[in-house]
Amino acid sequence: MNLDDLNIEQRNAVTQMKGPIMIVAGAGSGKTRTLTYRIAHLLQQGVSPYNIIALTFTNKAAKEMKDRIIDLVGVQANALLAGTFHSIFSRILRQEGYKIGYDKNYTIYDDDDSKKLIADIVKGLNLDDKNYRKGKVLSRISQAKCALFSPMDYENRPDFIAEDEKSNMGMLYKVYQIYQNRLRQSMAMDFDDILFNMNILLRDCKDVKEKLQRRFEYILVDEYQDTNYSQYLIVKKLAEYHRNICVVGDDAQSIYSFRGANISNILNFNKDYPDATTYKLEQNYRSTKNIINAANSIIAHNENQIPKTIWTANDDGSLLSYKALSSDREEADWVGRKIATDIEAGEVGKEIAILYRTNSQSRAFEDSLRLKNIPYIIYSGTSFYSRKEIKDVLAYLRLVVNHRDDEAFLRIINYPARGIGATTMDRLKIASQTMESSLFETAERLTFDNAFNISKRAVQTLIDFCTMINSFTIRIDSVDAYTLGKEIVQRSGIKTELSLMKDTEDKDRLENVEELLVGMQSFVENDEENIVDSLTGEEISIKDKTLDVFLQQISLMTSTDVDENDSEGKVKLMTIHAAKGLEFNNVYVVGMEENLFPSAMSFATRDDIEEERRLFYVAVTRARKHLYLSSAKMRFRNGELSFTETSRFVGEIDKKYLLSEDTRETSPLRVKEKINFSYTPREKERTTITLKKKQPLTTLHHNVLTEKKTTTTINLKPKGVVEEDDWRLADFAEVEPGVKVRHSKFGCGVVVSTEVVDRDKRAVVDFFQFGNKTLILKFAKLEIKEN
DNA sequence: ACTCCTTGGGTTTTT
DNA sequence: CCCAAGGAGT
């Protein structure tokens with residue numbers, strides 16, 4: 001390790017051994033390098049890796065950091081505790097949680113489980129699910145938890161209750177309370193509980209608190225600007241004894257306030273630690289001057305920020321570019337073509353990224369890249385693990401590990417079908433409430449002459465089911481995850497169920513299940529995962545490859561925790577949020593439109609729009625060499641065609657650094673200058689057509705094209721109905737599939753499809769009396785009904 | 001009990 | 001558009 005690799009500010013931050021440190025690290029300022037060197041330096045100074053904890057934003061970031069430290073100072077660094085808040089503290093809770101009433105094998109509920117549970121509670125309380133929408137309820141509960149309000153605290157806050165009443169959710173405190181009880185009963189935690197319970201553990205168990213405080217002589221927190229109150233407090237408590245806490249962050253990159261991140265954590269660091277040293281890393285090593293200057297001009301529009309000047313000694317590089325395309329399809333096509341030329345010019349795929357605001361934007365770019373045979377990979381959170389068949393298998397695994405996991409039980413008790421229907425389930429639920437035990441334990445104890453009217457046949461089925469699950473459970477500790485998983489898939493009947501099906505769709509499902517098993521296999525065979533026993537203090541490395549550990553690991557995976565081998569050479573597609581902390585030579589930031597980016601949801605407050613701007617700042621600063629912005633003037637969103645306006649953010653970039661090309665004036669598809677106008681056919685009658693459609697499918701290891709049944713809905717009026725009023729000449733852009741039009745010769749019809757050939761838009765129209773006709777819109781004077 | 005289909009509602013970002 | 005829930009028919 002050579003400290004000369006660092007600039008003076010970095011070196012000072014690396015070598016200060018004692019006391020609290022805040023590193024305000026601008027984008028690309030060598031933050032990771034500084035953290036890495038700091039840990040390596042500590043180790044060289046004789047600090048045991050066992051006494052260091054590094055909290056990062058993704059598991060991948062932790063792993064990379066560890067690898068780099070190993071390169072610097074050797075394998076001893078393997079014993080370092082590094083990972084996300086959720087993964088590290090969930091591990092500690094596995095060991096110590098029994099002190100606050102949690103088994104070692106507690107389940108982590110994902111959002112889906114939580115929402116189902118909430119829906120059930122809302123139903124049980126006879127509340128209107130229109131008012132108590134599960135997403136809203138969950139996010140409200142989440143907010144409360146992140147700020148460490150227990151259900152009891154919540155109930156005693158008139159201001160919270162009043163706020164809830166305003167949105168017709170006055171009973172939310174009750175829902176929260178029951179939700180928490182039910183989680184407990186199921187021996188489950190949601191994501192926020194991991195942090196909440198870690199706080200409880202530190203508050204109520206003095207022995208644990210002191211042990212951890214003493215152990216973590218050095219604490220490092222990355223992306224500190226995105227920690228919430230709950231995380232903040234954990235860190236603060238852990239640091240109380242040694243006070244060697246080092247936080248790294250950039251207020252300009254705070255983009256997670258929607259999940260409780262509190263920017264004041266970083267702004268107030270000096271209040272908590274008056275003796276803290278602040279280091280500012282302002283030299284950017286990543287990007288060209290043009291990119292940095294442009295980024296600075298953007299963020300200058302925000303009022304709230306720590307003053308700093310990011311600069312770079314790198315070359316000017318090329319100007320940023322902005323291109324306005326006429327439609328979302330064309331935008332995707334343009335980006336695809338541009339990427340093809342990037343690659344021809346010698347750029348490697350993995351150094352190119354397409355960044356967007358919302359996940360739903362990815363599809364168009366997938367299609368475009370596939371058409372051009374450019375390999376790509378999408379980083380989208382849970383796309384693989386949220387597939388039905390995968391969730392089914394995981395539910396088996398979860399129930400095997402934790403019998404009290406009611407959501408898992410509900411999911412698979414009748415999958416594959418074994419004749420347990422709604423009636424039996426209703427009775428079993430009543431039984432479980434009466435007996436105050438989980439569904440599984442209730443089922444297990446049922447007798448043929450039970451008091452709940454459950455039929456003999458059903459009782460037998462339930463007991464058989466429990467016996468099967470139990471036969472797996474007893475082997476958890478003696479068999480590795482892969483072996484057990486394979487057996488479960490086989491013996492549960494899932495494999496048979498899926499392989500009996502003839503549809504290509506079901507074949508894909510089977511393949512996905514196999515893929516999951518492959519994932520389990522590599523989990524078992526991968527030797528890198530080291531677990532330091534935080535309970536005994538022994539520096540041991542357990543290769544714990546059991547099912548419960550596997551489940552825990554995948555439930556806390558982040559979207560970018562993808563095996564590097566799988567992304568090799570591939571263009572990367574992800575949301576800007578997911579791109580945080582990453583960098584690429586060429587970056588395409590797409591969908592630069594008002595209402596999309598900035599999101600329409602952000603217009604309410606200045607804070608929200610500032611957060612969107614920080615998000616844009618993050619996007620821009622991902623690029624090393626080239627940055628391309630693009631937008632589409634027409635975009636299909638939620639089944640509607642809408643006309644867009646260029647994002648205000650484009651205009652906020654200092655013109656000196658931007659080459660702007662807007663095809664608005666020359667487009668053959670010029671539309672009325674009507675801002676954010678969107679057109680919905682007035683007719684509500686729908687026809688639903690089921691058709692097979694090729695569509696991309698992202699599995700664990702590759703992207704493939706699969707056939708999927710989709711239902712397409714077309715709005716149309718019943719044949720023969722003619723209306724005489726309110727017709728007007730149609731704009732080209734309004735003529736889109738599904739729209740009803742009128743022609744002077746052919747009468748009324750419905751647009752079947754449209755295409756643009758040589759700048760001319762054509763439409764195939766199915767006329768009620770004359771059948772399909774292809775019309776060139778320039779000549780055909782089509783009319784549309786005014787709405 | 002199960003399946004298919006209609007209907008309705010929502011729609012940012014994620015551990 | 002996409003998903004989920006509920007209804008109707010088997």
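Chain letters run A, B, ... following the sequence lines, proteins first, then strands; residues in each count from 1. This one's a predicted model, so the numbers in the text were calculated from it and none came from an experiment. All heavy atoms count here, side chains included; hydrogens, waters and symmetry mates do not.
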Scan A:A600 against the nucleic acid and name what it touches under 4.0 Å (heavy atoms): base, sugar-phosphate only, or nothing. nothing
Phosphate OP1/OP2 of B:dT13: any A:N359 side-chain N/O under 4.0 Å: yes
Spacing between A:M425 atom CE and B:dC2 atom P, to the nearest angstrom: 12 Å
Distance alone, cut at 3.5 Å: any donor-acceptor contact between the side chains of A:S230 and A:N199? yes
Within the structure, does a side-chain N or O atom of A:N228 lie under 4.0 Å from either OP1 or OP2 of B:dT15? no
A:K134 side chain: which of B:dT13, C:dA4, B:dG9 is closest? C:dA4
Contact class for A:G419 vs. all strands (heavy atom < 4.0 Å): base, sugar-phosphate, or nothing? sugar-phosphate
For DNA chain B, whose closest nucleotide is more 5', that of A:N638 or that of A:T575? A:N638
Counting only side-chain heavy atoms from C-beta out, which of B:dC2, B:dT12, B:dT15 sits nearest to A:A417? B:dC2
Below 4.0 angstrom from OP1 or OP2 of B:dG10, is there any side-chain N or O of A:R133? yes
Do A:R94 side-chain atoms and A:Y106 backbone N/O form a donor-acceptor pair below 3.5 Å? yes
Distance check needed: B:dT15 C1' versus A:D190 CG, whole Å only. 10 Å
Return the orientation label for the A:F597 and A:F616 ring planes: parallel under 30°, perpendicular over 60°, tilted otherwise. perpendicular
Would you mind reading off the distance between A:K388 atom NZ and C:dC3 atom C1', rounded to a whole angstrom? 15 Å
Separation of B:dT14 C1' from A:D226 CG (nearest whole Å): 11 Å
Short side-chain N/O contact to B:dT15 OP1/OP2 from A:S555, under 4.0 Å: no
Could you tell me if the side chain of A:E407 sits less than 4.5 Å from the side chain of A:D405, heavy atoms only? yes
Between the base of B:dT15 and the side chain of A:R259, is there any donor-acceptor pair under 3.5 Å? no
Report yes if at least one side-chain N or O of A:T424 is closer than 4.0 Å to OP1 or OP2 of B:dA1; otherwise report no. yes
Let me know the distance between CD of A:E223 and C1' of B:dT15, rounded to the nearest Å. 14 Å
Counting the atoms with a prime plus P, OP1 and OP2 as sugar-phosphate, which does A:F636 contact under 4.0 Å by heavy atoms, base, sugar-phosphate, or nothing? nothing
With a 4.5 Å heavy-atom cut-off, do A:I200 and A:Y102 have their side chains touching? no
Starting at NZ of A:K130 and ending at P of C:dA4, how long is that distance when rounded to a whole Å? 16 Å
Can you find a side chain N or O atom of A:N414 that sits less than 4.0 Å from OP1 or OP2 on B:dC2? yes
Measure the distance from CG on A:D193 to P on B:dT14 and round it to the nearest whole Å. 21 Å
The answer to which of A:R637 and A:H86 contacts DNA chain B further toward the 5' end, by nearest nucleotide, is A:R637
A:E593 CD to B:dT12 C1', straight-line distance once rounded to whole Å: 15 Å
Can A:F258 be classed as stacking with the base of B:dT13, given a centroid separation cut-off of 5.5 Å and a plane angle cut-off of 30°? yes
Heavy-atom donor-acceptor pair, A:N414 side chain to A:A417 backbone, under 3.5 Å: no
Give a yes/no answer on whether the side chain of A:T423 brings an N or O atom under 4.0 Å of OP1 or OP2 in B:dA1. yes
